Peer 1: 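Handing you a structure now.
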Amino acid sequence: MSTRNLYSLGMDSHDRLNNELGGGIPGGSIVLVEGDYGAGKSALSQRFTYGLCEEGHSVTLVSTELTVRGFIDQMHSLSYDVEEHLLDEDLLFLEADVDTGGSTLRGTTDDDESNRMQLLKRLMEADKMWEADVVIVDTFDAILRNDPKFEALVRQNEERQAALEIISFFRDLVSRGKVIVLTVDPSTVDEEAIGPFRSIADVYLELQMAEVGNDVRRSIAVRRFAGMGEQVGDTIGYSVRSGTGIVIESRSVA
């Protein structure tokens, strides 16, 4: 961990993301990265992962979208070469195929609805994944949507009760200095379901897109940033480029 209890995102000579975010993510933080499909949630979580590993931090990345092969290929396409970190066990990658039931989190089950596993419970009981300094779940909403207990409570308008157990678990982890990063597509879950996670997030980043002519401009709107190092701006323009990764743009979304 670096000075001021910040987890540096590194790569200062490659992009300016770490500088734009005030020198890193504060230790003991819950980070919520919210954005619609295509906004860049996975690319940003992959940039966080690689930069943190390069700075000597241990990271667990849980992906609901990528296989191990797909993850490595995706990281290569962004010039984030992670094989060494995987081999050195600085990085633990877990595939969570929550939609089909064949995931590390869910286990192998029959298609019978009665055999659906409680994903959030399995998530909390997976001790190995929480040993890292930083745990990133991309995308967290997919786990919420496919957890039968959470779904049942949402149907009964008990969204906050549904969120309480996992939030308590997260708070216990961050009290020990760990960082939890959750990416969420707000269009896939009820507003009441995501609200409690917004409320407890120490760092809340909203990824935005806007079409300007034939160009799609992306930005990070910093809604909350508790425990920041240097000053963090309200809006950070960025793009995702093949062969380069995240690039911080001087312009912002108009």
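Just so you know, these numbers use all the heavy atoms, side chains as well, and skip hydrogens, waters and symmetry mates. In this chain, residues are counted from 1 in sequence order. From a predicted model like this one, the values you see are computed outputs, not experimental measurements.
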Peer 1: Report whether F169 and L32 are members of the same hydrophobic cluster (ILVMFWY, side-chain heavy atoms less than 4.5 Å apart, transitive linking).
Peer 2: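 Yes.
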Peer 1: Below 30° counts as parallel, above 60° as perpendicular, anything between as tilted: where do the rings of F93 and F71 land?
Peer 2: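 It falls in the parallel class, under 30°.
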Peer 1: Give the ring-plane orientation class for Y50 versus H85, where under 30° counts as parallel, over 60° as perpendicular and anything between as tilted.
Peer 2: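 Y50 vs H85 ring planes: perpendicular.
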Peer 1: Ignoring hydrogens, what is the shortest heavy-atom contact between H14 and T244? Give both atom names and the distance.
Peer 2: NE2-O, 2.7 Å
Peer 1: Within the side chain of K178, is there an N or O that forms a donor-acceptor pair under 3.5 Å with the backbone of A132?
Peer 2: yes
Peer 1: Within the distance-only criterion (no hydrogens, no angle test), does the side chain of S199 pair as donor or acceptor with the backbone N or O of G195 below 3.5 angstrom?
Peer 2: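 Flag set: sc S199 to bb G195 pair under 3.5 Å.
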Peer 1: Please determine whether a side-chain nitrogen of the Lys or Arg among E95 and R69 lies less than 4.0 Å from a carboxylate oxygen of the Asp or Glu.
Peer 2: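 Here E95 does not pair with R69 in a salt bridge, since their nearest N and O are not under 4.0 Å apart.
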Peer 1: Is D147 paired with K121 through a side-chain N to carboxylate O contact shorter than 4.0 Å?
Peer 2: no
Peer 1: Determine whether K128 and E131 satisfy the following criterion, salt bridge (Lys or Arg N to Asp or Glu O under 4.0 Å), listing intermediate values before the conclusion.
Peer 2: CA-CA 6 Å; K128 181 66 176 177; E131 292 176 2; 3.4 Å; yes
Peer 1: Among R223, R224, R218, K41, which residue meets the salt bridge (Lys or Arg N to Asp or Glu O under 4.0 Å) test with E206?
Peer 2: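 By the salt bridge (Lys or Arg N to Asp or Glu O under 4.0 Å) criterion, E206 pairs with just one of R223, R224, R218, K41: R223.
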Peer 1: Under a 4.0 Å threshold between the charged nitrogen and the carboxylate oxygen, would E249 count as salt-bridged to R241?
Peer 2: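 Yes.
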Peer 1: Given the rule that I, L, V, M, F, W and Y join up when any side-chain heavy atoms are under 4.5 Å apart, are L153 and V189 in one cluster?
Peer 2: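 Per the 4.5 Å side-chain linkage, L153 and V189 are not co-clustered.
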Peer 1: T60 side chain to M129 main-chain N or O, any donor-acceptor pair under 3.5 Å?
Peer 2: yes
Peer 1: For Y204 and F225, run ring pair (Phe, Tyr, Trp, His ring centres under 6.0 Å): C-alpha distance rounded to whole Å, both residues' side-chain angles, the deciding distance at 0.1 Å, then the answer.
Peer 2: CA-CA 7 Å; Y204 175 21; F225 207 111; over 10 Å; no
Peer 1: Assigning hydrophobic clusters by single linkage (Ile, Leu, Val, Met, Phe, Trp, Tyr; side-chain heavy-atom cutoff under 4.5 Å), is M11 placed with V247?
Peer 2: no
Peer 1: Charged N to carboxylate O under 4.0 angstrom, E165 versus K149?
Peer 2: yes
Peer 1: Please answer whether the main-chain N or O of S187 pairs with a side-chain N or O of D185 as donor and acceptor at a distance below 3.5 Å.
Peer 2: yes
